[in-house]
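Single-structure report; data block below.
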There are 2 protein chains.
Amino acid sequence: MRSVGPDGTVPLPASLSGEAVTQLDRSLIAELPPFQGLEPAALDHVLGEARSLRVAKDAAIFEQEEEAKNFFLLLDGHVRVVKTTPDGQQVIVRYISCGELLGIAQALGLKAYPASAIAAVDCVVLAWPGRLWSDFSTRYPSFGADTYRTVGARLQEAHTRVVEMSTEQVEQRVAHGLLRLANQTGKKTQEGVLIDFPISRQDIAEMTGTTLHTVSRLLSAWEADGLVRSGRQKVTVVEPHRLFLLAGGRARKG
Amino acid sequence: MRSVGPDGTVPLPASLSGEAVTQLDRSLIAELPPFQGLEPAALDHVLGEARSLRVAKDAAIFEQEEEAKNFFLLLDGHVRVVKTTPDGQQVIVRYISCGELLGIAQALGLKAYPASAIAAVDCVVLAWPGRLWSDFSTRYPSFGADTYRTVGARLQEAHTRVVEMSTEQVEQRVAHGLLRLANQTGKKTQEGVLIDFPISRQDIAEMTGTTLHTVSRLLSAWEADGLVRSGRQKVTVVEPHRLFLLAGGRARKG
DNA sequence: AGCGGTATTTGTCGCAGCGCAAATTAATCC
DNA sequence: GGATTAATTTGCGCTGCGACAAATACCGCT
């Protein structure tokens, strides 16, 4: 699935400015956790209800506070989920990788999206009307079970973030943040593990609760130490292990 | 007041060292969200599977990392949920009020509890074997739905905390923390809203990611301003509104 | 009442890291 | 290719608040 260049992007209703893509195939979703094990007929039913959209880099898939009309599956690309405070500060809640569900407000009993979802690169998503959520969950128990696990995992993750924010200082938090991205979406290169979507110092700052200045300083220092290698909107973790130690390295369970 | 739990229970593991209380009555749980709307027979079934325990102040209902054998309902008292870092620092994840479920690791697909639950005062809890979770959820859809909502709400709450920790400074965080407690478990007195369980400066610090010293200074200053009134393990919010303003007051949605 | 332990208060000091500002580099657009 | 814009780097001063320390208040217990 290849995304065409950024040429034909037409201005559409703000938050859903994508265009339909080609034919939907069962194989697109058959292997993804939420739909794994569903029989072909079920997959066809699910796909039949979906709209497929292309979302240009930096466009919103949905916006915070907006009525939650749909839920989504990211087929290709990377999405960042951002919360904005009343006074305009932004916090990146998490990054979504392909195969993951997003915008599942209805699963949580919300009428509006609690955050915005912004395409970090050109993306392809499937969208379903929110009312189908309960339909899917009851009709396909594995779907319900999987999303339960997803929400659980995200709750865990959020608590981990709270603990980190409470107990670690900036250097460790940034190290943790980078390692998380590297594990989650890292792509092995000969230099090390490359975070394979454009990410700015500002983004990293918004993930870790600091400023782009401090992030820049840290990356510079780490680069001098050979821990990472970074450029404009690009970070490669060269020595994950040493970075891990710096993050306050602790083996999983003592 | 020693009555035996149903189906010959074995001696409880250390962290569950409570004693069984008297007769269980349907009315105990009939009105609680997870069980609301269940018919009498169902309630009896649910209660029949439950063991009821008393937990002394400062005792653990379950401990972080421990195998998640049970899930619980808090019938009476207040519980704090605490995460401990490998180097021994503690963070209070949330307080549980009566009527709430806790220790629902199995709902999230976890084999071990991700945090410890400590009785803030003497408590009474119901305990069910973890394997009954899926049983209850499928047999009583409203139970499943309610807990979905619960988990969703907690996810929201955790994200809110992350945002606060990222964007606010200590004074605002502490103010927010107190207001949250006051709303959640506050008891109106003539002085103001009293947080009706013992809470130390240290506890507040662990909720808000600061130190007891800073919390003490803030409370002193606020007390001088007439915003709060506090003593040993006790806080009363005298002027919620002004405290709210101090917290960076913003009306819900602009 | 007196004792010992715990919670709280308050002072002083130092520094991590934020805010501000300006220079530098790297992409994009004609 | 040169101009424009966005991202990054780096210096510098300031301060919120954490670390350390010591005194005091308050509780439960014998």
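What's counted below: heavy atoms across the whole structure, side chains too, no hydrogens, waters or symmetry copies. Each chain gets a letter, A, B and so on, in the order the sequences are listed, and its residues count up from 1.
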So do the side chains of A/Asp225 and A/Arg242 get within less than 4.5 Å of each other, counting heavy atoms only?
-> yes

Write down the atom of A/Val91, the atom of B/Ser166, and the distance for their closest heavy-atom approach.
-> CG2-CB, 3.9 Å

Tell me, which of residues 158-179 of chain A have any heavy atom that sits under 4.0 Å from an atom in DNA chain C?
-> A/Gln169, A/Val170

Please state whether the phosphate of C/dT8, meaning OP1 or OP2, lies under 4.0 angstrom from any side-chain nitrogen or oxygen of B/Ser216.
-> no

Taking only side-chain nitrogens and oxygens of A/Thr214, does any of them come within less than 4.0 Å of OP1 or OP2 of C/dG17?
-> no

The side chain to side chain donor-acceptor pair (under 3.5 Å) partners of A/Thr211 (sequence neighbours excluded) come to A/Thr214

Rounded to whole Å, the CG-P distance (B/Asp58 to D/dG28) equals 13 Å

End-to-end bend of the helix from C/dA1-D/dT30 to C/dC30-D/dG1 (five-pair axes, 10° rounding)?
-> 50°

Distance in angstrom units between B/Leu212 CG and D/dG18 C1', rounded = 11 Å

Taking side chain as C-beta onward, heavy atoms only, is A/Val79 less than 4.5 Å from A/Leu102?
-> yes

The correct set of residues in residues 225-236 of chain B placing a heavy atom under 4.0 Å from DNA chain C is B/Gly231, B/Arg232, B/Gln233

For the student: nearest non-hydrogen atoms of B/Lys57 and B/Pro198, plus distance = CE-CG, 4.0 Å

Sequence neighbours excluded, which residues qualify as side chain to side chain donor-acceptor pair (under 3.5 Å) partners of A/His176?
-> A/Glu168

Residues forming a side chain to side chain donor-acceptor pair (under 3.5 Å) with A/Arg201, sequence neighbours excluded = A/Ser230

Taking only residues at least two apart or on different chains, which pairs with a member in residues 89-103 of chain B satisfy salt bridge (charged side-chain N to carboxylate O under 4.0 Å, His left out)?
-> B/Arg94-B/Glu100, B/Arg94-B/Glu157, B/Glu100-B/Arg154

All side chain to side chain donor-acceptor pair (under 3.5 Å) counterparts of A/Arg180, not counting sequence neighbours = A/Glu164

Considering all heavy atoms of both residues, which atom of B/Gly77 and which atom of B/Cys123 are nearest to each other, and what is their separation?
-> CA-SG, 3.8 Å

Passing option when B/Leu227 is tested against B/Leu246, B/Leu178, B/Val238 for side-chain contact (heavy atoms from CB on, under 4.5 Å) = B/Leu246

Kindly state each residue pair satisfying ring pair (Phe, Tyr, Trp, His ring centres under 6.0 Å) with at least one member in residues 182-220 of chain A, sequence neighbours excluded.
-> A/His78-A/Phe197, A/Tyr95-A/Phe197

On DNA chain C, more 5' by nearest nucleotide between A/Gln89 and B/Val215 is B/Val215

Do the non-hydrogen side-chain atoms of A/Val93 and A/Met207 ever get within less than 4.5 Å of each other?
-> no

Between A/Tyr113 and A/Asn70, what is the shortest heavy-atom contact and its length?
-> OH-O, 2.5 Å

Between protein and nucleotides 11-14 of chain C, what N or O pairs are separated by less than 3.5 Å?
from   : atom 1 : to       : atom 2 : distance (Å)
C/dG11 : N7     : B/Arg217 : NH1    : 3.0
C/dG11 : O6     : B/Arg217 : NH2    : 3.0

Selection residues 184-193 of chain B - residue pairs positive for side chain to side chain donor-acceptor pair (under 3.5 Å), sequence neighbours left out = none

Mind running a 4.0 Å heavy-atom check of residues 197-210 of chain A against DNA chain D and sending the residues that fall below it, in number order?
-> A/Ser200, A/Arg201

